[in-house]
Amino acid sequence: ASLFVGLGVEKIRLTGGEPLVRQNLDKLVAKLSSIDGLKDLCLTTNGALLAERVAALKASGLKRVNISVDSLDPEKFRTMTKRGDLSKVLEGIFAAKQHGLHPIKLNAVIEKGLNEDDILSLVEFSRANGFALRFIEYMDVGNSNDWTSGKLVSKKEIIEKIKARYPLKEVGRAGGNAPSVDYEFIDGLGDVGVIASVTEPFCSSCTRVRLTADGKIVTCLFSGIGHDVKGLLRGGASDDEISKF
């Protein structure tokens, strides 16, 4: 992480899997947040353990959090997450707000026939509580979610559904290269975005790199090629050798 920041990386996101199941996560956050030149440290989580961990994470330097919430209906939420408890996630969301994490972004994957009717309720919940909301097109994640195009609710459909109730103004991609195309509510009550990986892929402007759990560097979530940085680190390579790699 220090080497990447030295090469110009400004933001680090801890994701998974579920990072909150990692022991001593707050210690990792403290080490990362102390890196000189790092401007943003974020955590992506399902929120189930957030309420009990957020105080330590905030004290260790965590600045903001993204939380997955696909529905505000407890039964539908349980169906989509396989075993999730919505009440625990909501508790975690409001605990993050209480401890001053900002912005708090809610991520919702929209799947046709399952939760497209939840779009407006998620919008209203976010507007009422000051949360940023990002909808995500249902996409293929390596044959693990039975993806078919018939389950896709497109960015266009999502935005049209929101606009019918709340007029929007397109803002675009933050920094010109963010995954989400963002919109502001005309009435000034917040913003909403859509990550349209299927219908509007953003590969040409993507500047992200990922360190996998087994120590590989990949430039895309779907890349079949990884570069073994763990081997270099464990093998005693110098900082200069790793940076050139």
Side-chain angles (χ1 to χ4, degrees), residues 1-47 49-50 53-68 96 99-105 107 132 134 136 141-142 171-182 191 193 195 197 201-245:
S2 297
L3 293 175
F4 267 109
V5 173
L7 293 169
V9 168
E10 298 180 342
K11 300 178 181 180
I12 290 178
R13 178 187 307 278
L14 296 172
T15 181
E18 174 47 52
L20 290 181
V21 301
R22 177 191 172 100
Q23 292 185 355
N24 301 317
L25 180 64
D26 56 316
K27 295 181 180 179
L28 174 60
V29 167
K31 290 180 178 181
L32 291 172
S33 65
S34 68
I35 297 174
D36 187 36
L38 183 65
K39 296 182 179 179
D40 186 20
L41 180 60
C42 178
L43 175 77
T44 294
T45 173
N46 63 25
L49 301 174
L50 187 58
R53 306 287 299 275
V54 67
L57 292 170
K58 170 68 175 178
S60 298
L62 185 67
K63 298 181 182 301
R64 61 188 182 91
V65 66
N66 286 11
I67 305 168
S68 300
H99 283 86
L101 295 185
H102 183 80
I104 294 171
K105 290 186 179 181
N107 295 336
R134 297 295 177 267
I136 303 172
V141 289
V171 177
R173 301 184 188 274
N177 57 17
S180 172
V181 178
D182 296 336
D191 61 84
I195 299 175
S197 300
F202 44 87
C203 302
S204 62
S205 63
C206 179
T207 59
R208 298 187 171 200
V209 65
R210 182 178 296 261
L211 175 62
T212 66
D214 59 353
K216 303 294 194 305
I217 294 291
V218 297
T219 54
C220 178
L221 178 63
F222 300 105
S223 175
I225 301 173
H227 304 281
D228 184 16
V229 70
K230 184 177 75 171
L232 292 174
L233 288 165
R234 300 284 173 86
S238 68
D239 287 356
D240 188 54
E241 289 173 322
I242 297 170
S243 295
K244 289 180 179 179
F245 173 75

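Side chains included, hydrogens not; waters and symmetry mates left out as well; all remaining heavy atoms used. Here the structure is a predicted model, which is why all the values come from computation and not from measurement.
Between the CD1 atom in Ile104 and the CG atom in Leu50 there is a gap of 8.5 Å [rounded to 0.5 Å]. Once rounded to the nearest 0.5 Å, the distance linking NE2 of His102 with CZ of Arg64 reads 10.0 Å. Atoms CG and CG, on Leu20 and Leu25 in that order, are 6.0 Å from each other to the nearest 0.5 Å. One finds the SG atom of Cys220 at 8.5 Å from the CZ atom of Arg210 (value rounded to the nearest 0.5 Å). How far CG of Asp40 is from CG of Leu38: 7.0 Å, rounded to the nearest 0.5 Å. Separation of atoms CD1 (Ile242) and CG (Leu232) is listed at 6.0 Å; rounding is to 0.5 Å.
When the shell of 6.0 Å around NZ of Lys58 is examined, it contains more than 12 heavy atoms from other residues, nucleotides or ligands. Enclosure of atom CD1 in Ile225 is not indicated, since only 12 or fewer non-hydrogen atoms of other residues, nucleotides or ligands lie within 6.0 angstrom. Dense packing is recorded around CG of Asp214, with more than 12 heavy atoms of other residues, nucleotides or ligands lying under 6.0 Å away.
Ser180 and Asp182 share a side-chain donor-acceptor pair at under 3.5 Å.
Residues Lys63 and Lys39 have side chains not in contact (no heavy-atom distance under 4.5 Å, counting atoms from C-beta outward). Using a 4.5 Å cut-off on side-chain heavy atoms (C-beta onward), Lys105 and Cys42 make no contact.
Closest approach of Lys216 to Gly226, counting heavy atoms only: CB-CA, 4.2 Å. Of all heavy-atom pairs spanning Asp228 and Gly215, the tightest one is OD1-O, 3.7 Å. Annotation for Val5 and Gly37: closest pair CG1-C, 3.8 Å, computed over non-hydrogen atoms. Closest approach of Glu18 to Asn46, counting heavy atoms only: OE1-N, 2.7 Å. In terms of heavy atoms, Ser238 sits closest to Glu241 at N-OE1, 2.8 Å. Shortest non-hydrogen contact noted between Ser33 and Ala30 is OG-O, 3.1 Å.
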| request: List the steps and the verdict of side-chain contact (heavy atoms from CB on, under 4.5 Å) for Lys27 and Arg22. | output: CA-CA 11 Å; Lys27 295 181 180 179; Arg22 177 191 172 100; over 6 Å; no
| task | Check the pair Ile217 / Phe4 against side-chain contact (heavy atoms from CB on, under 4.5 Å), numbers first and verdict last. | result | CA-CA 11 Å; Ile217 294 291; Phe4 267 109; 3.7 Å; yes
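Using a distance-only test at 3.5 Å, with no hydrogens or angles considered, no donor-acceptor pair links the side chain of Thr44 to the main chain of Thr15.
Partner of Leu41 under the side chain to side chain contact (heavy atoms under 4.5 Å, CB included) criterion, out of Leu57, Val29, Ile35: Val29 alone. Looking at Leu43, Leu62, Val65 one by one, the single match for side chain to side chain contact (heavy atoms under 4.5 Å, CB included) with Leu14 turns out to be Leu43.
Looking at Asp191 and Arg134, a side-chain N of the basic residue comes within less than 4.0 Å of a carboxylate O on the acidic one, giving a salt bridge.
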